[in-house]
2 protein chains.
Amino acid sequence: MLSEEDKFKEYLESKNLKFTPERQAILSRVFANPKHFEADELLVDLRLNKLRISKATIYRTLSLLVKSGLLREVIFGERHAHYEQVYGNEHHDHLVCNNCGKIIEFIEYRIEKLQDEVCRKNKFEPESHRLQIQGLCEDCTKKDDNKIKKK
Amino acid sequence: MLSEEDKFKEYLESKNLKFTPERQAILSRVFANPKHFEADELLVDLRLNKLRISKATIYRTLSLLVKSGLLREVIFGERHAHYEQVYGNEHHDHLVCNNCGKIIEFIEYRIEKLQDEVCRKNKFEPESHRLQIQGLCEDCTKKDDNKIKKK
DNA sequence: ATAGCTGCAAACGATTTGCACCCGG
DNA sequence: CCGGGTGCAAATCGTTTGCAGCTAT
């Protein structure tokens, strides 16, 4: 399998776009540790690593990373996007704790299979899907009588 | 089963809130025809029915309708919310066409059951979930060679 | 009477864009 | 060399809020 960088270069070339130092820096920080993140967190992470890149460029590059298939947007229901790596990772879905915000990933092939079946029945050609279950994680179920704190 | 209006009144009373003409008007238009809509469309629909209600009030009321369990937010991945009725409707999920925007609803109990199983395995207490599959609907698959038009 | 409402306009917050200058291929 | 890239600041756009004057209960 190609490295993330090669995969990205491949995409950029195919679109006649350039592999700039800014894009290189963003790519490397995004793949430095595998975790969900949002645009602002990436900005902070870059700053911590002495990389001053403008917000505009961050947004423009994230969009390219999504188009190239290296990232995907996840966890909506807030008014800003979250991202996670896709390249080289198995597809998974999310349990999102409404109290502490914890995110548990899970893989369930039988659900995927049923989704395919639904698509077939509706003659629908799937490209991607997104399943998330909101609720309370184990820890938060225990302190259930606490008020739900809004982040 | 209570009417939507009674259900809403019940909720408002329980929270010491008032059933105003504006809230009544919004409620009735929202339940006038069962379809997905967004805040702006509701505003237009109200205007067409000679009901001048400010955007602020619309947003405030939609939020109450969601809290009262009469509506839910669906179809994210855009930067604005869509709503649909829940009260009296069976839970369902969505196929969203990336080309024409058409939305097909489906109900698949086996998926719901597997979700419960996933939650049990993770000791997670589910409150709600959201599943959507993006892709191309039957019609758009046929004219597949057309460029994807961005709305 | 008095919480709670409403409309208006200003504030917000994430994201996008216009622009003048810069640089990778 | 030149088409695409970058930072900056201003612009968008859906949504939220402060405020002053209303109104349901």
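Given the structure is predicted, the values throughout are model-derived calculations rather than measurements.
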Q. Looking at residues 50-66 of chain A, who's got a heavy atom less than 4.0 Å off DNA chain D?
A. A:Arg52, A:Ile53, A:Ser54, A:Ala56, A:Thr57, A:Arg60

Q: Please tell me if the side chains of A:Arg52 and A:Glu22 come closer than 4.5 Å, counting only heavy atoms from C-beta onward.
A: no

**Q.** A:Pro21 side-chain proximity, nearest of C:dC5, C:dG24, C:dA14
**A.** C:dG24

Q) Can you tell me how far P of D:dC22 sits from NZ of B:Lys18, to the nearest Å? A) 15 Å

Q: Using atom CG of B:Leu12 as one end and atom C1' of C:dC5 as the other, report the distance to the nearest whole Å.
A: 12 Å

**Q.** Residues forming a side-chain contact (heavy atoms from CB on, under 4.5 Å) with B:Glu117, sequence neighbours excluded
**A.** A:Arg110, B:Leu114, B:Arg120, B:Lys121

**Q.** A:Arg23 vs D:dT6: side-chain N/O to OP1/OP2 distance below 4.0 Å
**A.** yes

Q) Does some side-chain heavy atom of B:Arg72 sit less than 4.5 Å from a side-chain heavy atom of B:His91? A) yes

Q.
I need the CG-P distance between A:Asn16 and C:dG24, as an integer number of Å.
A. 17 Å

Q: Could you give me the CA-CA distance, side-chain angles and deciding distance for B:Asp93 and B:Arg130, then say whether salt bridge (Lys or Arg N to Asp or Glu O under 4.0 Å) is met?
A: CA-CA 7 Å; B:Asp93 294 303; B:Arg130 183 186 302 155; over 6 Å; no

Q: Let me know, please, whether B:Tyr83 or B:Phe19 comes out on the 5' side of the other along DNA chain D by nearest nucleotide.
A: B:Tyr83

Q.
Checking contacts here: which listed nucleotide (D:dT23, D:dG4, D:dG14) is nearest the side-chain heavy atoms of A:Leu17?
A. D:dG4

Q. Given atom CG of B:Leu43 and atom P of C:dC8, what is their separation to the nearest angstrom?
A. 11 Å

Q | Nearest-Å distance for atom pair CZ/P, residues B:Arg79 and D:dC13 | A | 10 Å

Q. How would you list, by chain and number, every residue that makes a side-chain contact (heavy atoms from CB on, under 4.5 Å) with A:Lys15, sequence neighbours excluded?
A. A:Tyr11, A:Leu17

Q. To the nearest angstrom, how far is B:Glu13 atom CD from C:dC5 atom P?
A. 13 Å

Q. Any luck finding a side-chain donor-acceptor pair between A:Tyr83 and A:Glu41 under 3.5 Å?
A. no

Q.
Does B:Arg79 have more than 12 heavy atoms from other residues, nucleotides or ligands lying within 6.0 Å of its CZ?
A. no

Q. For D:dG4, does OP1 or OP2 lie under 4.0 Å from any side-chain N or O of A:Thr20?
A. no

**Q.** Nearest-Å distance for atom pair NE2/C1', residues B:His80 and C:dT16
**A.** 16 Å

Q. What's the CD-C1' distance between B:Glu22 and C:dG7, to the nearest Å?
A. 9 Å

